[in-house]
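Here the structure is laid out as structure tokens; the discussion comes afterwards.
Note on naming: letters A, B, ... go to the chains in the order of the sequence lines (proteins, then strands), and numbering restarts at 1 for each one.
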Amino acid sequence: MLRSHTCGQLRSSDIGQQVTLCGWVDSTRDYGGMIFIDLRDRYGKTQVVVTPDSGDENLEIAKRLRGEDVALFTGTVASRLEGKDNEKLATGGIEVRASRLQLLNRCKTPPFFPNQEEMPGEDLRLRYRYIDLRREQMQRTLVLRSAIIKTMRDYFADNDFIDVETPILGRSTPEGARDYLVPSRVHWGHFFALPQSPQLYKQILMVAGYDRYVQIARCFRDEDLRADRQPEFTQLDMEMSFVDAEDVIGMIDGLMKKLAKELLGLELTLPLPRMTYDQAMERYGSDAPDLRYGMQIVDCSDLARQSEFRVFRGAVDAGGFVRGIKIDKRADEFSRKRIDELTEFVKHDFAAKGLAWFRVEPDGSLWSPISKNVEPAVIEQLKTRFACEPGDLVMLLADNWEVTCKGLNGLRRRLAAELKLFDPKQMHFSWVVEFPMFEHDAEEERWVAMHHPFTAPRPQDLAQLKSDPQACRAQAYDLIVNGYEAGGGTIRIHDSETQQVVFDLLGISPEMAKDRFGFLLDALGYGAPPHGGIALGIDRVVMLFAGLDNIRDCIAFPKTQRAMDLMTEAPGQVETKQLHELHIQVETPPAK
RNA sequence: GGGGCCGUAGCUCAAUUGGUUAGAGCACUGGACUGUCGAUCCAGAGGUUGCGGGUUCGAGCCCCGUCGGCCUCGCCA
């Protein structure tokens with residue numbers, strides 16, 4: 001060890017000790033005859049003083065020190081001069097009087113400094129990630145991430161789970177996200193796929209009798225990125241045998257309570273609140289509602305039916321809905337221009353045809369473009385339905401179910417952020433349960449699995465699986481934190497007959513099923529226990545616990561929106577020889 | 001694949017309606033200074049305004065294309 005202590009360690013009780021510190025030069029204050037250096041490592045900062053007493057040679061070296069140089073100082077811990085303590089530093093009561101110093105490595109003038117107040121552009125931060133990672137915020141986040149993972153591991157170990165690793169090189173499966181492919185050198189024209197999740201392996205482990213499995217698993221999906229989505233991400237993956245949905249939810253409830261308490265000092269009340277998928281869509285238009293604030297959706301389709309107003313009547317007559325949300329008491333903050341912007345937002349982003357709205361003025365009258373089209377009686381009922389008071393603003397969408405859901409969810413989220421309807425430090429945990437088994441894919445005119453093809457229906461829906469697939473609800477559950485899907489899981493199908501019925505509905509032929517999932521179907525036939533589990537998105541959990549708004553800041557080496565690593569410049573080209581070995585030819589890109 | 005925002009010194013930003021030699025703070029280089037802690041003071045250096053084209057007497061500013069970053073719709077079982 002070059003050092004005797006870290007830069008965050010020394011206190012007044014250490015005064016008089018001879019110590020050696022190593023670290024990066026955070027800042028220097030050069031007085032000619034006396035130089036102060038703040039030396040930094042990931043534990044903190046300590047002020048080192050170099051004076052003529054340290055020797056002329058050392059003073060000369062100190063004079064040449066610049067930000068981010070790596071240096072070693074040996075000296076004596078001393079108290080600061082009377083009244084010169086630095087309250088901002090944990091080590092601010094002491095300083096190290098240097099007797100020896102050594103420049104361990106010079107730093108080129110960096111493109112930015114870890115301690116600078118203005119944030120550099122994200123492209124620079126990613127290109128020079130090793131400098132960005134020196135920033136206190138990044139170090140705090142990665143330390144939090146490490147603590148979260150440790151807490152998870154401890155929790156599952158305490159509950160008799162065993163950690164089993166599953167392959168990274170697997171096979172491509174139909175359905176789901178686009179796979180990242182890895183060519184096989186040995187097998188001409190054959191490819192491995194990187195796992196989208198260890199789903200099938202963990203089910204096989206259940207068949208094998210490893211009734212409580214857990215893994216911190218890296219997963220890969222070749223889809224477009226978002227603030228909360230990376231092509232490569234980490235899941236806490238677990239699976240249990242001889243359980244129902246309650247057991248899995250209960251196990252995760254316990255984990256969340258422990259995490260919230262140990263890392264945020266929050267007491268969660270268990271069980272965490274739950275609502276069904278149908279309730280979530282009705283009240284919030286989203287299967288991952290942000291419950292830190294209200295603004296529930298109100299359905300007024302029945303009132304719209306009584307109106308001659310074309311926009312309302314047209315929507316309900318076509319089998320659609322008129323639904324809206326109310327902003328309490330802040331109508332005066334919504335100018336015509338701002339409402340026009342919101343109208344553009346729902347039209348553009350969610351394909352709504354328009355946005356109907358009314359403001360309730362102080363005298364109870366309405367300010368609204370629709371007031372001259374909608375009958376007074378209907379307007380009165382609308383006001384009653386929304387429990388309107390003066391100063392309220394109501395926004396309505398008239399459209400099919402999907403558009404009203406997406407549009408109102410979009411409005412709700414945007415308005416809550418703009419109006420600051422929640423405390424950024426607030427955390428809200430809940431479950432959304434009983435998802436539909438299937439969604440209808442209009443484009444391909446077929447049923448697709450909402451979660452995955454191995455999801456078990458509720459026992460009471462088993463009978464109508466074939467006759468009325470739309471009505472069937474799954475034993476599925478999503479963990480929602482502050483409007484983000486933090487995790488999701490299901491009870492799995494554990495008999496091959498039910499699995500076959502589901503495959504049929506999904507248009508997966510017995511041949512294809514045998515080809516792609518034959519091993520799973522086989523396994524289910526050899527004594528598969530009832531089982532289910534869940535996977536949590538660790539990057540997202542870290543993001544939410546850290547109060548951040550993007551997942552890249554929770555990952556040491558993330559990728560850009562175009563799925564590139566700016567530091568290593570991956571993906572890159574490879575040698576022609578490598579391609580030959582893999583029997584791969586690269587097409588010329590199409591001319592634009 | 002679609003929409004939006006951004007790109008000016010190493011960094012963060014400014015630059016009137018399109019108008020003289022593109023500025024500031026920090027960083028950098030040199031100098032002064034023995035109690036600072038974002039030290040201070042003096043001096044200096046630093047620019048293909050992302051790139052390519054167009055409009056114009058004249059473009060950092062307007063138009064088209066392109067590259068890069070971010071947000072978002074589609075997509076993500």
Side-chain angles (χ1 to χ4, degrees), chain A residues 26-38 45-54 59 63 66-68 78 80-89 91-92 95 97 108-128 131 173-179 196-197 199 219-231 233 341 344-352 406-407 410 413-414 435 437-439 441 443 447-455 474 476 485 488-490 502 506 508 535 537 549-550 552 559-562 564 566 592:
Chain A
D26 196 66
S27 61
T28 61
R29 294 171 291 281
D30 183 353
Y31 279 79
M34 178 177 222
I35 301 171
F36 298 94
I37 292 140
D38 287 348
K45 282 193 254 184
T46 300
Q47 171 165 288
V48 181
V49 194
V50 183
T51 63
D53 293 346
S54 315
L59 200 61
K63 230 179 210 337
R66 292 293 177 271
E68 301 310 304
R80 298 269 182 121
L81 294 191
E82 189 70 29
K84 299 285 187 182
D85 288 5
N86 185 347
E87 311 283 323
K88 290 185 201 161
L89 295 184
T91 61
E95 63 193 14
R97 305 255 164 91
K108 293 194 282 188
T109 301
F112 60 91
F113 287 88
N115 61 2
Q116 77 181 48
E117 62 188 273
E118 314 94 356
M119 273 294 256
E122 193 163 358
D123 43 349
L124 258 196
R125 291 176 52 203
L126 292 175
R127 172 141 180 240
Y128 298 94
I131 295 171
T173 52
E175 308 244 339
R178 194 175 292 116
D179 285 317
Q196 296 177 24
S197 76
Q199 182 61 40
C219 306
F220 307 86
R221 294 177 190 177
D222 186 6
E223 297 291 348
D224 287 344
L225 283 70
R226 286 287 187 282
D228 63 347
R229 273 169 26 196
Q230 282 274 305
F233 59 102
E341 281 169 13
E344 276 312 303
F345 169 62
V346 291
K347 282 165 84 170
H348 180 265
D349 274 17
F350 307 106
K406 288 185 175 176
R413 283 174 188 263
R414 177 170 168 167
F435 281 72
M437 280 290 287
F438 309 102
E439 278 178 304
D441 186 323
E443 216 168 282
W447 294 104
V448 294
M450 197 147 177
H451 263 88
H452 53 62
F454 320 108
T455 302
E485 181 194 327
T490 62
V502 171
L506 295 172
I508 299 174
D549 59 7
N550 88 71
R552 295 182 300 280
K559 300 198 169 36
T560 68
Q561 188 160 56
R562 293 188 62 248
M564 286 210 19
L566 294 183
K592 286 191 182 167

Using the P atom on both, measure B/rC64 against B/rG2 and round to a whole Å. 15 Å
Could you give the distance separating B/rG65 and B/rC41 at their P atoms, to the nearest angstrom? 49 Å
The Watson-Crick or G-U wobble partner of B/rG10, with both key distances under 3.5 Å, is B/rC26
Judged by atom type as modelled, is there a donor-acceptor pair below 3.5 Å linking the side chain of A/Thr51 to the main-chain atoms of A/Met34? no
When you measure from the side-chain N and O atoms of A/Arg226 to the phosphate of B/rC73, is any distance below 4.0 Å, counting only OP1 and OP2? yes
B/rU40 phosphate, OP1 or OP2: any side-chain N/O from A/Arg29 under 4.0 angstrom? no
May I ask you to verify if any side-chain N or O of A/Lys347 is less than 4.0 angstrom from the OP1 or OP2 atom of B/rC73? no
Given the P atoms of B/rA15 and B/rC61, what is the spacing between them in whole Å? 14 Å
C1' atom, B/rG58 versus B/rG18: distance in rounded Å? 8 Å
B/rG74 phosphate, OP1 or OP2: any side-chain N/O from A/Arg229 under 4.0 angstrom? no
Considering only heavy atoms and no angle criterion, is a donor-acceptor pair shorter than 3.5 Å present between the side chain of A/Arg221 and the base of B/rC75? no
Between B/rG74, B/rA39, B/rC71, spot the one nearest the side chain of A/Tyr31, thanks. B/rA39
Check the distance between B/rG69's P and A/Lys559's NZ and give it to me in whole angstrom. 13 Å
Categorize A/Asp349 for me: base, sugar-phosphate, or nothing, with a 4.0 angstrom heavy-atom threshold over every strand shown. sugar-phosphate
Taking a pair as Watson-Crick or G-U wobble with both distances under 3.5 Å, which nucleotide is matched to B/rC5? B/rG69
Out of B/rC28, B/rU36, B/rC70, which has the shortest distance to the side chain of A/Gln561? B/rC70
Might you confirm whether atom CZ of A/Arg127 has over 12 heavy atoms from other residues, nucleotides or ligands at distances under 6.0 Å? no
How far does CG of A/Leu566 sit from CZ of A/Arg125, to the nearest 0.5 angstrom? 12.0 Å
Output the single nucleotide from B/rG38, B/rC76, B/rU12 whose closest atom is nearest the side chain of A/Glu117. B/rG38
Within the pair A/Thr560 and B/rG69, is there a side-chain N or O less than 4.0 Å away from OP1 or OP2? yes
For B/rU29, does either OP1 or OP2 sit under 4.0 Å from a side-chain N or O belonging to A/Arg66? yes
Return the nucleotide paired to B/rC41: Watson-Crick means purine N1 to pyrimidine N3 with N6-O4 or O6-N4, wobble means G-U with N1-O2 and O6-N3, both under 3.5 Å. B/rG31
If only side-chain N and O atoms of A/Ser27 are considered, is one of them under 4.0 Å from the OP1 or OP2 phosphate oxygen of B/rA39? yes
Which nucleotide in B/rC76, B/rG35, B/rC70 has an atom nearest any side-chain atom of A/Lys84: B/rG35
If you only use heavy atoms from C-beta on, which nucleotide in B/rA27, B/rU72, B/rC37 is closest to the side chain of A/Phe113? B/rA27
B/rC11 versus B/rG7 - spacing of their C1' atoms, nearest Å: 14 Å
Taking OP1 and OP2 of B/rC28, is either one under 4.0 Å from a side-chain nitrogen or oxygen of A/Lys108? no
